[in-house]
Number of protein chains: 2
Amino acid sequence: MPDEQPSPGRTREPTLDEQIAIYQREYGDLDPQVEKVVNALSRLDRRMSVAYGRQLATLGLNQAEWEVLKQLVMAGEPYRLGPGALAKRLGLTPAAVTHRMDRMVATGLVTRERDENNRVRVIVELTDEGREKWLQVMRMASAFEEDLLQDLSSEERGTLGELLTRLLRRVEDAQPDADGRLSDLD
Amino acid sequence: MPDEQPSPGRTREPTLDEQIAIYQREYGDLDPQVEKVVNALSRLDRRMSVAYGRQLATLGLNQAEWEVLKQLVMAGEPYRLGPGALAKRLGLTPAAVTHRMDRMVATGLVTRERDENNRVRVIVELTDEGREKWLQVMRMASAFEEDLLQDLSSEERGTLGELLTRLLRRVEDAQPDADGRLSDLD
DNA sequence: TATGTAGTCTTTAGCGTCGAACCTTTACTT
DNA sequence: AAGTAAAGGTTCGACGCTAAAGACTACATA
């Protein structure tokens, strides 16, 4: 017989509620209401990332490239940023940005050249192709997000946004710059 | 003078509301309410991860080790799982789990041995030291989470939990197993 | 003009993960 | 029994990130 429950137990992992029940059993001092919010939040973010990643793949992009496109567009016309500024916004080290730009220049999403006014600086600029990719992703993403929130009424969406914003404010005020570099993170 | 605004503009990145305003300007077809929810969510998760990472570091743990401890405890007594099951729960390839176990066995957080009843299998088991670390993290984490939600009333916490759960349900139903491996992810 | 100093990016070495090939043990088939 | 397929882990090669060291430019001071 195909062994039923030997030591390395069944593979299926718990749902959110099951998971919280387990936490309660293993560690009594836990507020289930708090736990539910926090765990739902992180699960949701992971699921969304996975879904996002799939959509990006259909456009021939990966998550890393998408993050860069986003930041460049967010910087506004003329869609330029230095590697250092990009590093801060992406939460990466400057070294990682150097390598990432190597690849993205090769795939034609951005250009990289020295700043003529200050030759120690480098300017990364979005190409037309990069801008076009950004638009394509936005079209997919907004459809996906709208679909995700479909079950919520407009009032509920407002409430959710407001509650999340309050949490965000708390966490952003709380860790101003304990490290000095991660403060400017996202 | 230290150049005011040459090409690579000021370093400071936008707040959530600024960011949404920019998106609106760059891509008109966007529901600001939806955008606020989605972006607040991902920002919040990132900020929490960073905060978590700092706390773990003070206990000599990294994020990777913490994820493993969590899964083993969540599996319940006797806190055992096979590498394959761990891989699924962690969202990693089996190869990555092999290496991660190498390290965690070396640091004494888990043990690894072959299953005598089925010698193709391997059993990873939490050590007492690993269990103790898990407890320490839980103490810190629950305090942090309680602090994070401090500004919300019990009713608001309930509302937030319920709204997030509904979103989660939607995204979990929507992507049952497009890939066949990520389905069993978290 | 020369020199120190700070700022900006790149290079280097090491680590963790992935995808794919490989090996071992178990289960099924005839 | 023997042979084949399937399942569970490990090994190998490549890639992307980090931390630390290096290179280059601009600016202040003497």
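Proteins get letters first, then strands, A, B, ... in listed order; numbering begins at 1 in each.
- Residue B/A96 is classed as a sugar-phosphate contact, given heavy-atom separations below 4.0 Å to backbone atoms only.
- By the 4.0 Å N-to-carboxylate-O rule, A/R157 lies too far from B/E35 to be salt-bridged with it.
- Here the P atom of nucleotide C/dG7 and the NZ atom of A/K88 are 11 Å apart, to the nearest Å.
- Residue A/I123 contributes atom CD1, which lies 13 Å from atom C1' of C/dC9 at whole-angstrom precision.
- Counting heavy atoms from C-beta on, the side chains of A/R43 and A/Q19 come closer than 4.5 Å.
- B/L92 has its CG atom 14 Å from the P atom of D/dG9, to the nearest Å.
- Taking hydrophobic clusters as Ile, Leu, Val, Met, Phe, Trp and Tyr residues chained together by side-chain heavy-atom distances below 4.5 Å, A/I123 does not share a cluster with A/V120.
- Contact of the A/M101 side chain with the A/P83 side chain is not registered, since no non-hydrogen atoms from C-beta on lie closer than 4.5 Å.
- Distances shorter than 4.0 Å separate none of the side-chain N or O atoms of A/R112 from OP1 or OP2 on C/dT8.
- In this structure, B/Y23 and A/W134 have parallel ring planes: the angle between them is below the 30° cut-off, well short of the 60° mark.
- Here the options are A/D45, A/L41, A/V38, the test is side chain to side chain contact (heavy atoms under 4.5 Å, CB included), and the partner is B/L44; only A/L41 passes.
- In the set C/dC18, D/dG9, C/dT10, the nucleotide with an atom closest to the side chain of A/V122 is C/dT10.
- At whole-Å resolution of the value, CG in A/L90 and C1' in D/dG16 are 14 Å apart.
- B/L86 places its CG atom 13 Å from the P atom of C/dT17, with the value rounded to the nearest Å.
- Across the protein-nucleic acid pair, A/N62 atom CG and D/dG16 atom P stand 8 Å apart, rounded to whole Å.
- When rounded to the nearest whole Å, the span between CD of B/E67 and P of C/dT17 equals 11 Å.
- Comparing A/A95 and B/A95 by the nucleotide of DNA chain D that holds the closest heavy atom to each, the one mapping nearer the 5' end is B/A95.
- Side-chain contact between B/V68 and B/M104: present, with at least one pair of heavy atoms (C-beta onward) separated by less than 4.5 Å.
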Salt bridge (charged side-chain N to carboxylate O under 4.0 Å, His left out) between B/D151 and A/R166, worked out: CA-CA 8 Å; B/D151 294 344; A/R166 276 164 64 193; over 6 Å; no
Summary of protein contacts for nucleotides 21-26 of chain C, nucleotide by nucleotide, where a base hit scores B, a sugar-phosphate-only hit scores S (4.0 Å, heavy atoms): ---BSS
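- By the 4.5 Å heavy-atom criterion applied to side chains, A/M140 and A/L56 are not counted as neighbours.
- Contacts between residues 98-109 of chain B and DNA chain D, counted as heavy-atom distances below 4.0 Å, involve B/T98, B/H99.
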